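One structure below.
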Amino acid sequence: GIKITIMRTLLILIIGCMLASPNVVNAQKLSKASKKIVKTNTKQLTKEKWILDGTGTINGKLTSHYLALDSGTAVEFTGTANDKRSLNLGKAIARNNAINEYVETTRSMVRARINTDITDINDEQRENFAAGYERLVVKELDGDIKPSFYIYRRNSDGTYEVRGFFIVDETKAAAASKRALAAAAEEVGLA
């Protein structure tokens with residue numbers, strides 16, 4: 001009787017410590033600036049009545065998200081979807097919007113390089129090259145953009161507002177961009 005109760009209590013305490021320790025350790029590794037951002041964002045998102053999609057807490061997900069950003073090799077992209085009839089559709093659109101945000105960021109750099117480095121092609125070839133790059137980088141990045149978490153709110157009309165927070169490893173993103181540039185150059189005949 002008493003031995004079983006004590007063993008059960010110890011087992012529960014050990015399991016509880018194992019489950020709680022990653023968040024405690026993770027919170028200690030965050031930079032001061034990131035800790036402040038996590039605290040502020042948690043308070044703001046909770047006040048705005050955002051709901052976490054999945055298990056855990058908004059604070060825990062933000063902590064993990066900022067740990068990845070603090071590592072120095074990750075870049076954050078966010079995507080949103082408004083007035084969607086289903087949560088899954090909203091998540092898919094938010095993800096696509098995050099990928100498009102990355103493409104927008106790199107597109108201007110690629111266009112500038114095309115205009116300055118490749119002078120022996122005409123405007124139509126430049127446009128085809130840039131369009132090919134944009135299309136191909138989305139395909140190349142598809143597996144490299146990782147969702148940290150999604151939050152949502154249900155609107156009064158039953159639709160959903162969804163936000164997705166994503167991490168892209170800069171090294172993988174650069175490699176995806178390079179592969180897309182090479183493939184676009186090959187398509188246009190510049191390889």
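Because only heavy atoms are used, hydrogens play no part in the values below, and waters and symmetry mates are left out as well, while side chains stay in. Just so it is clear, the structure is predicted and the values come from calculations on it, not from any experiment. We number each residue from 1, following the sequence as shown.
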Going from CD1 on I58 to CG on D53, what distance comes out if it is rounded to the nearest 0.5 angstrom?
11.0 Å

Nearest heavy-atom contact between A81 and A94 is CB-N, 4.1 Å

Just so I know, are the side chains of R163 and T78 near enough to count as touching, which here means a heavy-atom distance under 4.5 Å?
no

Single-linkage hydrophobic cluster I51~V162, side-chain heavy atoms < 4.5 angstrom:
yes

Same cluster for L181 and L136 if Ile/Leu/Val/Met/Phe/Trp/Tyr side chains link at under 4.5 Å?
no

Nearest heavy atoms of F77 and A98, plus distance in Å:
CB-O, 4.0 Å

Should we say atom CD of E48 is surrounded by more than 12 heavy atoms from elsewhere, each under 6.0 Å from it?
yes

Are W50 and E161 side-chain neighbours, meaning at least one heavy-atom pair lies under 4.5 Å?
yes

So which of D169, V168, V75 actually passes side-chain contact (heavy atoms from CB on, under 4.5 Å) with I145?
V168

Would you name the heavy atoms of S34 and Y66 that are closest together and state the gap between them?
OG-CD2, 3.9 Å

Nearest 0.5 Å, please: how far is OG in S64 from CG in L69?
11.0 Å

From N41 CG over to K43 NZ, what is the distance, rounded to the nearest 0.5 angstrom?
11.5 Å

When the aromatic ring centroids of F149 and F165 are compared, is their separation below 6.0 Å?
yes

Just by distance, with hydrogens left out, do D157 and T159 show a side-chain donor and acceptor under 3.5 Å apart?
yes

NE2 of H65 to CZ of F166: how many Å apart, nearest 0.5 Å?
10.0 Å

CG/D144 to CD1/I167 distance, rounded to the nearest 0.5 angstrom?
13.0 Å

Can you name the nearest heavy-atom pair linking S31 to D70, along with the distance?
N-OD2, 3.0 Å

Spell out, as yes or no, whether a donor-acceptor pair under 3.5 Å connects the side chain of T42 to the backbone of V38.
yes

Would you compute the distance between atom OH of Y160 and atom CD1 of I93 and round it to the nearest 0.5 angstrom?
14.0 Å

Do Y150 and R95 come within less than 4.5 Å of each other through their side chains, counting heavy atoms only?
yes

